[in-house]
Amino acid sequence: MTSAEDFAPSENLGRSVFSSRQAKRAIRGIVPFHVFLEKEGEPLISVDRLDKSKSQEALQIAQSIATSRDRTFYGWAAVTADVAASNGRRVTPSPQPGNPFHADIVLPAPAIEDRDEQKQHAQELATEAQWRGLDEVRQPDIR
């Protein structure tokens, strides 16, 4: 569950996509569940609080992370905090060095131990996700 003072239900949380194959599918409107699938046994799904930063700032952070991993950043698969915190999941802010907008979607305990449950949670998130590609992000902020 989210905390009222931490997240608005409609706040957008973006899962960074560093795979061209996943990005191509997401552009066609099908976010693959693998976007939200962490390593087996990992209880946290790393996301960015997209509504807390300006698009250009979030983009610079994501591209910096991609560069440090020798990857390419393609965009985000975004879900609302309300969706992220459903079905026993919760969302917690977890600022990181270089990314003050970082948060985690925390899986319920049974999913941590059961890979099939992890996949089910990833599929639920992917089904609700909206693609935010670089073309959208590069538009000037209107705030």
Side-chain angles (χ1 to χ4, degrees), residues 1-108 111-112 114-143:
M1 175 152 294
T2 61
S3 170
E5 64 270 4
D6 292 333
F7 296 90
S10 63
E11 182 178 338
N12 286 293
L13 305 173
R15 175 74 169 168
S16 295
V17 175
F18 301 109
S19 160
S20 62
R21 183 175 173 195
Q22 291 174 350
K24 286 177 187 174
R25 289 190 65 203
I27 289 167
R28 291 193 307 262
I30 304 166
V31 175
F33 79 93
H34 289 93
V35 168
F36 290 96
L37 189 63
E38 285 285 2
K39 295 176 187 160
E40 190 167 354
E42 176 59 51
L44 308 175
I45 301 170
S46 177
V47 293
D48 296 310
R49 300 180 75 179
L50 300 179
D51 297 344
K52 292 291 183 184
S53 68
K54 292 188 176 186
S55 296
Q56 295 306 308
E57 186 176 16
L59 177 58
Q60 288 175 343
I61 292 168
Q63 288 177 327
S64 175
I65 292 168
T67 300
S68 73
R69 297 178 182 178
D70 199 26
R71 308 284 306 269
T72 300
F73 173 71
Y74 294 96
W76 290 277
V79 295
T80 63
D82 198 37
V83 167
S86 63
N87 197 16
R89 296 180 297 264
R90 60 189 173 86
V91 183
T92 61
S94 56
Q96 304 286 316
N99 186 358
F101 310 107
H102 187 270
D104 290 304
I105 299 171
V106 183
L107 296 175
I112 298 166
D114 184 337
R115 188 64 168 171
D116 288 334
E117 280 201 40
Q118 264 189 313
K119 289 178 182 178
Q120 181 181 356
H121 284 280
Q123 183 62 57
E124 289 173 10
L125 293 165
T127 298
E128 296 293 327
Q130 299 295 313
W131 178 245
R132 284 201 181 176
L134 294 180
D135 291 340
E136 295 173 52
V137 177
R138 287 190 176 128
Q139 301 300 316
D141 285 308
I142 304 173
R143 292 185 194 219

**Message:** Would you say Gln60 and Ser64 are linked by a side-chain donor-acceptor pair, where the criterion is simply a distance under 3.5 Å?
**Reply:**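 Judged by distance alone, the side chains do not pair up.
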**Prompt:** So, Gln118 and Arg115: side-chain donor and acceptor under 3.5 Å apart, yes or no?
**Reply:**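 Yes, a side-chain donor-acceptor pair sits under 3.5 Å.
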Measure the shortest side-chain to side-chain distance between [X] and [Y] over non-hydrogen atoms and say whether it is less than 4.5 angstrom.
X	Y	value
Ser20	Tyr74	yes
His121	Pro108	yes
Phe7	Leu13	yes

**Request:** Would you check, one step at a time, whether the test side-chain contact (heavy atoms from CB on, under 4.5 Å) holds for Leu59 with Leu134?
**Result:** CA-CA 8 Å; Leu59 177 58; Leu134 294 180; 3.5 Å; yes
Show the nearest heavy-atom pair for residues [X] and [Y], with the distance to one decimal.
X	Y	answer
Ser10	Thr80	O-CG2, 4.0 Å
Val91	Ala84	CG2-CB, 3.6 Å
Asn12	Ala78	OD1-CB, 4.5 Å
Ala62	Trp76	CB-CZ2, 3.9 Å
Ala26	Pro32	N-CD, 4.4 Å
Ile61	Pro100	CD1-CD, 4.2 Å

Below 3.5 Å, can you tabulate the donor-acceptor pairs from side chains in residues 33-47 to any protein atom, sequence neighbours excluded?
| from | atom 1 | to | atom 2 | distance (Å) |
| --- | --- | --- | --- | --- |
| Glu38 | OE2 | Arg15 | NH1 | 3.0 |
| Glu38 | OE2 | Arg15 | NH2 | 3.1 |
| Glu42 | OE2 | Leu44 | N | 3.2 |
| Ser46 | OG | His102 | NE2 | 2.5 |

**Message:** Which residue is it: Leu125, Val106, Asp104? I am looking for the one with a side-chain contact (heavy atoms from CB on, under 4.5 Å) to Arg89.
**Reply:**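 Exactly one pass, corresponding to Leu125.
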Nearest-0.5 Å distance that lies between atom [atom1] in [X] and atom [atom2] in [Y]:
X	Y	atom1	atom2	answer
Ser19	Arg71	OG	CZ	7.0 Å
Asn99	Ile65	CG	CD1	5.0 Å
Leu107	Ile112	CG	CD1	6.5 Å
Asn87	Glu117	CG	CD	8.5 Å

**Asked** Given the rule in the side chain to side chain donor-acceptor pair (under 3.5 Å) test, do Gln63 and Thr67 qualify, once you have shown the distances and angles that lead to the verdict?
**Response** CA-CA 6 Å; Gln63 288 177 327; Thr67 300; over 6 Å; no
**Request:** For Asp114 and Asp116, indicate whether the former's side chain and the latter's backbone hold a donor-acceptor pair under 3.5 Å.
**Result:**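 At least one qualifying donor-acceptor pair exists.
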**Asked** For Gln130, does the CD atom sit with more than 12 other heavy atoms under 6.0 Å from it, leaving out its own atoms?
**Response**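 It does not: Gln130 CD has 12 such atoms or fewer within range.
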